[in-house]
There are 2 protein chains.
Amino acid sequence: MIMNTQFKKGVLELCVLVILDKKDCYGYEMVDEISQSISISEGTIYPLLKRLKKEGLLSSYLKESSDGPPRKYYRLTDSGKEKKEKLVGEWETFSKGVNNLLNSKNEELKEANDE
Amino acid sequence: MIMNTQFKKGVLELCVLVILDKKDCYGYEMVDEISQSISISEGTIYPLLKRLKKEGLLSSYLKESSDGPPRKYYRLTDSGKEKKEKLVGEWETFSKGVNNLLNSKNEELKEANDE
DNA sequence: TATAGTACCTTGCATTATAGAATACCTTGT
DNA sequence: ACAAGGTATTCTATAATGCAAGGTACTATA
């Protein structure tokens, strides 16, 4: 899936928080989850998870796996849940604003061109 | 209007192209136009316009003004129009993907939690 | 003269996604 | 035992991009 890199900035953080709000996940698993909707690579998710943990939005714990090295599961903290709510709201406002520009520009500009 | 900076990455280019597809504009004017939907500052728009012109998506011409210095109007080139169409499509795919993650996650995860 | 509004431009900074490479574990085939 | 490949984590270096902060210059008003 080819996708505009720039669009993703900041949104991936939102996606990670939303997914972790539903269930605990490890990084490799999250790449799969998110990839169903947005293209993403491992080199992106691990630094992101590390950053979010450092900011106190996530906690983590290790769990052994039957087929590979142990998995590091991440869980939302309370502050992570707050942040998630905040980001979801911001995303809705933002995407509405963009769609506003994309669609409703036609009418407004008729007058502007009537000079 | 306070707004997540990261969400804007790449989207502002789309907004500029969409607006210029409707009518020619100068930078200062575009800040007003876009600000109705998304917060943006001058320090953002001028470098952006310069870059888009350099990439051949925009052409520009000067026009005198009665109340201030001459205005530099920008106009979409053919290649700019192509780029605009492409970006609009990418935005729609992308925002659908994000909303997908935000909303339809509930059902899919019931099974996942049934272990 | 001074102030404010319009309009443009540049520099430097912070943020973030990504590719690429390294490490380590397990399973399967030879 | 060995190699190959999939799973899983991590780090480094790089490229984009938005923005604040500053500057220039023109016009109108007080």
Side-chain angles (χ1 to χ4, degrees), chain A residues 1-17 24-35 38-55 57-58 60-74 83 87 90 94 97-98, chain B residues 1-17 24-35 37-55 57-58 60-74 87 90 94 97-98:
Chain A
M1 197 197 324
I2 307 140
M3 188 166 275
N4 190 308
T5 300
Q6 295 305 318
F7 285 168
K8 292 182 222 169
K9 304 253 169 166
V11 177
L12 288 178
E13 175 174 338
L14 168 65
C15 294
V16 164
L17 294 179
D24 296 0
C25 281
Y26 54 98
Y28 204 78
E29 184 185 16
M30 250 180 273
V31 174
D32 276 349
E33 288 271 0
I34 298 181
S35 291
I38 299 173
S39 69
I40 191 184
S41 74
E42 298 170 36
T44 300
I45 203 107
Y46 289 114
L48 175 59
L49 290 171
K50 201 179 175 188
R51 195 193 95 221
L52 295 179
K53 189 180 174 187
K54 196 180 164 195
E55 289 174 4
L57 305 179
L58 309 182
S60 67
Y61 55 94
L62 284 175
K63 212 177 189 178
E64 283 170 37
S65 163
S66 52
D67 49 9
R71 295 164 173 169
K72 188 187 266 185
Y73 279 82
Y74 289 89
K83 180 79 173 185
L87 275 182
E90 284 180 3
F94 176 78
V98 175
Chain B
M1 199 196 328
I2 306 138
M3 188 165 276
N4 190 309
T5 301
Q6 295 305 317
F7 285 166
K8 292 183 219 170
K9 303 257 166 163
V11 177
L12 289 178
E13 175 174 339
L14 167 64
C15 293
V16 164
L17 294 178
D24 295 0
C25 282
Y26 54 98
Y28 203 78
E29 184 184 16
M30 249 181 273
V31 174
D32 275 349
E33 288 271 358
I34 298 180
S35 291
S37 302
I38 298 172
S39 69
I40 191 182
S41 75
E42 297 172 39
T44 301
I45 204 106
Y46 289 115
L48 174 58
L49 290 171
K50 199 180 176 187
R51 193 193 96 220
L52 295 179
K53 188 180 176 187
K54 195 179 165 194
E55 289 174 5
L57 305 180
L58 308 182
S60 67
Y61 55 94
L62 284 176
K63 212 177 188 176
E64 283 171 38
S65 162
S66 51
D67 49 7
R71 296 162 173 170
K72 188 187 266 185
Y73 280 83
Y74 288 89
L87 275 182
E90 284 180 3
F94 176 78
V98 174

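To find a chain, count down the sequence lines: A is the first, B the second, and so on, and within it residues start at 1.
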Might you point out which heavy atoms bring A/E29 and A/Y73 nearest each other, and give the distance in Å?
OE1-CE2, 4.3 Å
Apply salt bridge (Lys or Arg N to Asp or Glu O under 4.0 Å) to B/E42 and list each qualifying residue two or more places apart in sequence or on a separate chain.
none
Tell me the closest heavy-atom pair linking B/I34 and B/C15, and the distance in Å.
CD1-CB, 4.2 Å
So, is A/Y28 close to the D/dT7 phosphate, meaning a side-chain N or O under 4.0 Å from OP1 or OP2?
yes
Take atom CG of B/L52 and atom P of D/dA16, then tell me their distance rounded to the nearest Å.
14 Å
Between D/dG6 (P) and A/Y26 (OH): distance, integer Å
16 Å
Could you state the atom-to-atom distance from CG of B/L62 to C1' of D/dA25 in whole Å?
14 Å
Separation of D/dG18 atom C1' from B/I38 atom CD1, nearest Å, is 13 Å
Knowing that exactly one of B/I40, B/V16, B/L58 qualifies, which makes a side-chain contact (heavy atoms from CB on, under 4.5 Å) with B/L48?
B/V16
Between A/K50 and D/dC11, does any side-chain N or O lie under 4.0 Å from OP1 or OP2?
yes
Whole-Å distance separating the CG atom of B/D32 from the P atom of C/dG5:
14 Å
Does a side-chain heavy-atom distance below 4.5 Å link B/T44 with B/K8?
no
B/K53 NZ to C/dC8 P: how many Å, rounded?
12 Å
Compare every heavy atom of B/Q6 with every heavy atom of B/N4, then report the nearest pair and how far apart it is.
OD1-N, 2.9 Å
Minimal non-hydrogen separation, B/F7 against A/L14, with atom names
CZ-CD2, 4.4 Å
Minimum-distance pair of heavy atoms, taken over all atoms of B/I45 and B/M30
CD1-CB, 4.1 Å
Roughly how many Å is it from CG in B/L87 to P in D/dT17, rounded to a whole number?
10 Å
Using a 4.0 Å heavy-atom cut-off, write out nucleotides 14-22 of chain C from 5' to 3' as B (base contacted by protein), S (sugar-phosphate only) or - (no contact).
-BBSBBB--
Taking five pairs at each terminus, the helix from C/dT1-D/dA30 to C/dT30-D/dA1 shows an axis bend, to 10°, of 10°
Can you tell me the distance, in whole Å, between the OH atom of A/Y73 and the C1' atom of D/dT7?
12 Å
Here the pair of heavy atoms bringing A/G97 nearest to B/S37 is O-CB, 3.3 Å
Closest to side chain of B/Y74, choosing from D/dA25, C/dC9, C/dA24:
C/dC9
